[in-house]
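These values consider heavy atoms only, across backbone and side chains, with no hydrogens, waters or symmetry-generated copies. Convention: sequence-line order gives letters A, B, ...; per-chain numbering from 1.
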Amino acid sequence: MPELPEVEVTRRSFADAIAGATVLHARLGKPLRWPLGLAVESLVGGRVGSASRRGKYLWLPVSRPAAEGGLLLHLGMSGSLAFAAQAAAPGAHDHFDLLTDRGLLRLTDPRRFGAVVWSQGLDADPAAKLLTGLGLEPFDPRFDGAYLHQRLAGRRVAVKLALLAGDIVVGAGNIYACEALFLAGIDPRLPAARLSRPRAEKLAQAVRGVLTRALDAGGTTLRDFRDAHGVAGSFQMQAQVYGREGQPCRVCATPVRRIVQGQRSSFFCPTCQKR
DNA sequence: CTCGCATCCTGTTGGC
DNA sequence: TGCCAACAGGATGCGA
C-alpha cells in the first residue's frame, strides 16, 4: 500500500499527538517481517519522541530508562497505523500496539510484510542497516536531473525498475513510478542508461511533482489506506495511468496499456510515453 | 557490480 | 454458491 506520500501523511497525522507520551503497555501480535529485537515489555516506561521519516520507513524515538533508541517501522504492502485515544481490543491483523498516556498507536497489517524493529540509534546498529543504501529523498535539493542521469548511467534495467529499486531515489513505489513516467513522457521500458540528460531532468521534476500532489491529496486510497485518524486519501482520482488498463489516456485517448516488469504491473500510454 | 527471480503472507476479485 | 487463479500499494536475499 504505502509509498512515500502515504507514509508521510500517516506520520503527520500522529506525530504531534504522540510526542512526549509515556509508554504504558506494548504488545505484539503475529510475527512481522523481522523480530522486534527486544522484549516488548521493556518499552514500558519509555518516553516517545518526535516521529520522522526516511524513505518509506518511520522512526519513532523512544527513550527508556535502560537505553536510548527507537522503533523503525515499515508498513510493507498492507500496513497502516492508527492512533486513537480509545483503545479497542486488538483484531486479527493488529500486530503491534504501543499504548501510551496519550493514546494507542496500533499497526494493522494483514499481509505482515511490514516491520517494527527496535534500534539503539540510526548509527552503528544492525536495525539501522535497513536504512543504509537508500537513495536520496526526492525533496532533497541534491536530487536533480544531473544526479538522476549520472546514477542511471550504466544500468541496463528498465528505467521504471531503476526508480522502484530505491537506491537512487526513495519514495516512489508502483503507483507513483508509473505516474511520474507518464508525466515525463517516458516509456517505462526504456533502458535506464539510455535516458538523456534533459529527460532525466523532466523525470526528476515529475517524481517530485507527483509526490507533492499525492501529499496534498492525503495519499492514494485504492482499497484500505487511512491515516492514523482514519482519513482516506484521494490521489487515485487524479491518476493518469495507474490501474487504468484499457481506458482512454486522459491526454490523447489511446487505451492505457498494462505490462509486467519485475513481476509488477506497469501502466503507460503508448502514445504519450516514448522510448 | 548488476541482473532476474523467488519469497514472505493474506485478502479480494473475477471467471467459469 | 463454490472453487481456483490472478493479482495487490514492498523489498530482501539469493544464485548467475
Collect all protein-nucleotide pairs involving nucleotides 13-16 of chain C in which both atoms are nitrogen or oxygen and the distance is under 3.5 Å.
none

Distance check needed: [N] [atom2] versus [X] [atom1], whole Å only.
X: A:Asp109; N: C:dG10; atom1: CG; atom2: P; answer: 13 Å
X: A:Tyr176; N: C:dG10; atom1: OH; atom2: C1'; answer: 14 Å
X: A:Leu73; N: C:dA11; atom1: CG; atom2: P; answer: 14 Å
X: A:Asp94; N: B:dT10; atom1: CG; atom2: P; answer: 15 Å
X: A:Asp224; N: C:dG9; atom1: CG; atom2: P; answer: 12 Å
X: A:Gln263; N: C:dG10; atom1: CD; atom2: P; answer: 14 Å
X: A:Arg226; N: C:dG9; atom1: CZ; atom2: C1'; answer: 14 Å
X: A:Met77; N: B:dT10; atom1: CE; atom2: C1'; answer: 11 Å

- [ ] Convert the base pairs of DNA chain C into dot-bracket notation, remembering that pairs crossing earlier ones are written with [ ] and that bases paired across to another strand are shown as |; include only Watson-Crick or G-U pairs under 3.5 Å.
- [x] .|||||||.|||||||
- [ ] Taking the six-membered ring of A:Trp59 (Phe, Tyr or Trp), confirm whether the NZ or CZ of A:Arg11 is under 6.0 Å from its centre and within 45° of its axis.
- [x]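 So A:Arg11 doesn't make the cation-pi contact.
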TODO: Run through A:Val169, A:Leu183, A:Leu195 and flag the one making a side chain to side chain contact (heavy atoms under 4.5 Å, CB included) with A:Leu203.
DONE: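 Single pass found, and it is A:Leu195.
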Task: Close side-chain approach of A:Arg54 and A:Leu134, heavy atoms under 4.5 Å - done: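 They are in side-chain contact.
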- [ ] Look at all strands and tell whether A:Phe235 reaches a base, only sugar-phosphate, or nothing, counting heavy atoms closer than 4.0 Å.
- [x]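 Nothing: the residue A:Phe235, judged by heavy atoms under 4.0 Å, touches no strand.
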My understanding is that only residues two or more places apart in sequence, or in another chain, count here; which of them pass salt bridge (Lys or Arg N to Asp or Glu O under 4.0 Å) with [X]?
X: A:Arg244; value: none
X: A:Arg223; value: none
X: A:Asp140; value: A:Arg142
X: A:Asp94; value: A:Arg106

Open item on the list: Would you measure the distance from the P atom in C:dA6 across to the matching atom in B:dA6 and give it in whole Å?
Closed with: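 C:dA6 and B:dA6 have their P atoms separated by 14 Å.
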Open item on the list: Can you check the distance between C:dG9 and B:dG14, where both ends of the measurement are the P atom (answer in whole Å)?
Closed with: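 After rounding to an integer number of Å, I get 16 Å for this pair.
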Task: Residue mapping more 5' on DNA chain B - nearest nucleotide basis, A:Arg112 or A:Arg155 - done: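 This one resolves to A:Arg155.
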Task: Pairs meeting criterion ring-ring contact (aromatic ring centres under 6.0 Å, His included) with involvement of residues 227-257 of chain A, two or more places apart - done: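 Sorted result for residues 227-257 of chain A: A:Tyr176-A:Phe235, A:Tyr242-A:Phe267.
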Task: All pairs passing ring-ring contact (aromatic ring centres under 6.0 Å, His included) where residues 2-48 of chain A contributes a residue, at least two apart - done: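 Residue pairs with at least one partner in residues 2-48 of chain A: there are none.
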Open item on the list: Once ring pair (Phe, Tyr, Trp, His ring centres under 6.0 Å) is applied, do any residues pair with A:Tyr57, and if so which ones, sequence neighbours excluded?
Closed with: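 Ring pair (Phe, Tyr, Trp, His ring centres under 6.0 Å) list for A:Tyr57, sorted by chain: A:His74.
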Under 3.5 Å, N/O pairs linking protein and nucleotides 11-16 of chain B:
| unit_1 | atom_1 | unit_2 | atom_2 | d |
| --- | --- | --- | --- | --- |
| B:dG11 | OP1 | A:His93 | NE2 | 2.7 |

Does [X] make a side-chain N or O approach to OP1 or OP2 of [N] shorter than 4.0 Å?
X: A:Arg264; N: C:dG9; value: yes
X: A:Lys129; N: C:dT12; value: no
X: A:Lys30; N: B:dC9; value: no
X: A:Ser265; N: C:dA8; value: yes
X: A:Tyr57; N: C:dA11; value: no

TODO: Using distance alone, with no hydrogens and no angle criterion, decide if A:Thr10 and A:Asp227 have a side-chain donor and acceptor under 3.5 Å apart.
DONE: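 Note: A:Thr10 and A:Asp227 side chains miss the donor-acceptor criterion.
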TODO: With sequence neighbours excluded, give me every side chain to side chain donor-acceptor pair (under 3.5 Å) pair touching residues 259-275 of chain A.
DONE: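 Every pair satisfying side chain to side chain donor-acceptor pair (under 3.5 Å) with a residue in residues 259-275 of chain A: A:Lys160-A:Ser266, A:Thr254-A:Thr271, A:Arg258-A:Ser265, A:Gln261-A:Ser266.
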Open item on the list: Looking at A:Gly55, is its backbone amide N or carbonyl O close enough to the side chain of A:Arg53 to form a donor-acceptor pair, meaning the two atoms are under 3.5 Å apart?
Closed with: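 Yes; at least one donor-acceptor contact below 3.5 Å.
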TODO: Please indicate yes or no: is the ring centre of A:Phe113 less than 5.5 Å from the centre of the six-membered base ring of C:dA11, with the two planes inclined by under 30 degrees?
DONE: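 No; centroid distance or tilt outside limits.
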Task: Other residues, nucleotides, ligands: >12 heavy atoms within 6.0 Å of A:Asp16 CG - done: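 Check fails, neighbour count at 12 or below.
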Task: Given C:dG10, C:dA8, C:dG9, the nucleotide with the shortest approach to the side chain of A:Phe225 - done: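 For A:Phe225, the side-chain atoms sit closest to C:dG9.
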Open item on the list: If you apply the rule salt bridge (Lys or Arg N to Asp or Glu O under 4.0 Å), what do you find for A:Glu8 with A:Arg12, and how did you get there?
Closed with: CA-CA 6 Å; A:Glu8 178 62 14; A:Arg12 292 176 186 173; 2.8 Å; yes
- [ ] Enumerate the residues from residues 156-174 of chain A whose closest heavy atom to DNA chain C is under 4.0 Å, giving them by residue number; use none for an empty result.
- [x]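 Per residue number, the list reads A:Gly173, A:Asn174.
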